[in-house]
Amino acid sequence: MTCFFQTPEGNFPLLFIHKTHIPSPPIQTGLYMRIPINEVTPDIERAEIAGWVHEVRDLGGLTFFLIRDRTGIVQVTIVKKKAPAAVLEAAKAVSRESVVRVAGTVKAIDKAPGGRELNPDTFEIVSACASPLPLDVVEKVPADLDTRLDARFLDVRKPRVAAVFKVRSAVTAAAYDFFTQRGFYNITSPKIVAAATEGGTELFPIAYFEKEAFLNQSPQLYKQMMMAAGFEKVFEIGPIFRAEEHNTVRHLNEATSIDVEVSFADHEDVMKILEELVAHQYAVVADRCSDALAEMGVEEFEVPKAPFPRIAYADAIEIAAGKIEEPIACGDDLSTPAERAIGDEMGEHYFIVDWPSAIRPYYAMPYEDDPAICKAFDMMHPRMELSSGAQRVHQHDLLVEQIQAKGLNPENFEFYLQPFAYGMPPHAGWGLGMERLVMTMLGLQNIREAVLFPRDRHRVVP
RNA sequence: GCCCAGGUAGUGUAGAGGCCUAUCAUGAUGCCCUGUCACGGCAUCGACACGGAUUCGAAUUCCGUCCUGGGCGCCA
């Protein structure tokens with residue numbers, strides 16, 4: 001028997017609406033007529049909710065249940081002397097984290113969390129939860145990250161953990177908005193590829209029928225092909241795979257990349273797009289995710305302002321040399337301590353520009369007046385690198401020359417080089433690491449906390 | 001891959017050769033409790049990663065294996 005919740009036409013309660021959620025009428029499905037828990041307010045008479053048993057406090061004649069759904073938590077109070085026998089029976093049998101359906105009258109009570117509680121005439125166990133739980137959802141006892149990831153579906157039941165992914169969802173949505181408004185085409189490139197045309201990072205080999213194939217490390221080459229195709233402005237948000245055996249708090253073997261490529265543009269043009277995107281994503285989170293931020297205990301959420309400062313690679317090296325013990329010179333890659341030292345000095349998002357051509361990929365465009373440096377850049381958060389990009393070499397012959405200069409064989413780059421011989425416009429682009437963006441935005445200590453199901457050197461499940 | 005630190009009830013911990021029939025908290029189960037909000041009280045349940053060595057005696061020392069965390073390296 002289902003209890004129906006009557007809502008006056010056009011008069012949905014608005015008191016406790018989270019900004020992250022769109023106010024919604026009762027959700028009628030084949031199974032239920034329920035309302036989100038954050039819309040259970042003192043000014044409605046009846047409510048039917050469905051959710052998980054967050055906590056139980058049994059005082060004898062009086063039992064308090066905290067019931068949780070994705071929108072919030074409400075207290076359900078059962079008075080032993082007054083409640084129907086069926087309610088008492090279910091309330092006695094139910095275990096924590098079971099799914100229940102509860103319907104009854106809503107009362108305004110100061111003593112209850114949120115100033116309201118539900119006195120049920122219906123209390124139904126929809127799906128019982130086994131015991132003991134692999135981890136404590138209420139967080140009276142903390143769990144190690146490894147334990148949490150092993151039982152991730154339970155871990156993200158914690159409102160504090162779920163908040164990370166509400167923010168991540170908003171960050172993704174903000175990017176789609178941003179690019180769509182600016183006339184970018186959204187593309188999807190293949191993740192199964194035949195060869196490692198870029199060199200550098202290691203690839204995961206896969207079995208592809210009778211052929212050898214790999215998981216793609218980056219959509220880079222495909223973005224560039226779409227420049228030759230005349231799409232002019234493209235973006236893609238998708239997975240990338242790196243078979244590096246790294247073991248750090250800021251590396252993943254499967255990550256999400258926000259990738260952009262723009263024709264008739266140079267590195268400065270796409271840096272502008274990048275800084276404006278990041279500022280926009282922060283602004284959207286600040287505007288729409290205040291509840292999620294509060295849930296995580298983020299008190300000061302500063303939206304970075306574009307433009308971000310630019311610092312030349314040579315000057316960055318100088319800063320690092322003055323701050324760290326190990327020797328560092330022009331032409332070196334930035335070590336982790338060097339990166340951190342420069343970040344401390346800058347104190348905000350910034351770009352490192354004018355990199356030596358020798359330590360950037362062959363497709364980075366050298367400066368015409370000084371080919372020793374190139375039009376490549378990294379976009380940094382004080383804690384780490386978030387993005388790298390460049391104006392690309394679009395001249396076929398120069399590209400062949402640069403491939404050879406890196407000690408690579410142009411014959412292995414046939415499918416990459418072909419578009420460059422048939423009218424390739426000048427173009428520039430970048431890739432931005434989604435997980436690092438969310439990690440630095442929220443001050444997470446480990447990048448794995450920014451991924452639902454992280455893939456690292458040792459973890460392939462769940 | 002290298003270096004460091006670890007692996008004790010479901011979860012998080014105490015433990016430094018005999019004091020361990022292993023601490024505390026949380027949890028689960030039972031009983032008491034009508035306004036809790038980390039509810040409270042009483043009782044019960046539940047663990048030394050695996051293999052080997054040293055020793056009269058090992059959770060504790062040593063070796064190996066597996067696993068975990070952190071730092072570094074690697075990283076279009």
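On a predicted model such as this, the values are computed, not experimentally measured, just so you know. Every chain is numbered from 1, with letters handed out A, B, ... down the list of sequences. The figures here come from the full heavy-atom set of this structure, side chains too, leaving out hydrogens, waters and symmetry mates.
Going from the P atom of C74(B) to that of U55(B) covers 47 Å, rounded to whole Å.
Interface remark: the Glu139(A) side chain does not form any donor-acceptor pair with the G12(B) base, using a distance-only criterion of under 3.5 Å. One donor-acceptor pair, N or O on each side, does fall under 3.5 Å between the base of C74(B) and the side chain of His251(A).
Checking Thr71(A) against Glu39(A) by side-chain atom types alone, no donor-acceptor pair falls below 3.5 Å.
The partner of A14(B) cannot be assigned: no Watson-Crick or G-U wobble pair with both contacts below 3.5 Å exists in any strand. Judged by Watson-Crick or G-U wobble contacts below 3.5 Å, the nucleotide C72(B) has G1(B) as its partner. Of all nucleotides present, only A53(B) satisfies the Watson-Crick or G-U wobble test against U61(B), with each distance under 3.5 Å.
In terms of the side chain to side chain donor-acceptor pair (under 3.5 Å) criterion, Lys80(A) has no residue partners (sequence neighbours excluded). Listed by chain and number, the residues in a ring-ring contact (aromatic ring centres under 6.0 Å, His included) with Phe420(A) are Tyr416(A) (sequence neighbours excluded).
Looking at heavy-atom distances under 4.0 Å, Arg392(A) makes no contact with the nucleic acid at all. Heavy atoms of Ile240(A) sit under 4.0 angstrom from at least one base atom. Pro142(A) comes within contact range of the sugar-phosphate backbone alone, with a heavy-atom separation under 4.0 Å but no base atom that close. As judged by a 4.0 angstrom heavy-atom cut-off over every strand, Asn446(A) is placed among residues touching the sugar-phosphate backbone only. Within the 4.0 angstrom heavy-atom criterion, base atoms lie near Ile109(A). Contact annotation for Arg459(A): no contact, since no heavy-atom pair falls under 4.0 Å across all strands. Residue Ser388(A) is in base contact, counting any heavy-atom pair closer than 4.0 Å across all strands shown.
Positionally, the nearest nucleotide of RNA chain B for Asp136(A) lies more toward the 5' end than for the other of Arg250(A) and Asp136(A). In terms of position along RNA chain B, the nucleotide closest to Lys92(A) lies nearer the 5' end than the nucleotide closest to the other residue of the pair Val249(A) and Lys92(A).
Taking the ring centroids of Phe65(A) and Phe123(A), they lie under the 6.0 Å cut-off.
If you take CZ of Arg340(A) and P of G70(B), they are 13 Å apart, rounded to a whole angstrom.
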Note to self: Set out, in order, the CA-CA distance, both residues' side-chain angles and the distance that settles side-chain hydrogen bond (donor to acceptor under 3.5 Å, both in side chains) for Thr248(A) and Arg457(A), then state yes or no.
What the structure shows: CA-CA 10 Å; Thr248(A) 78; Arg457(A) 177 68 185 82; over 6 Å; no

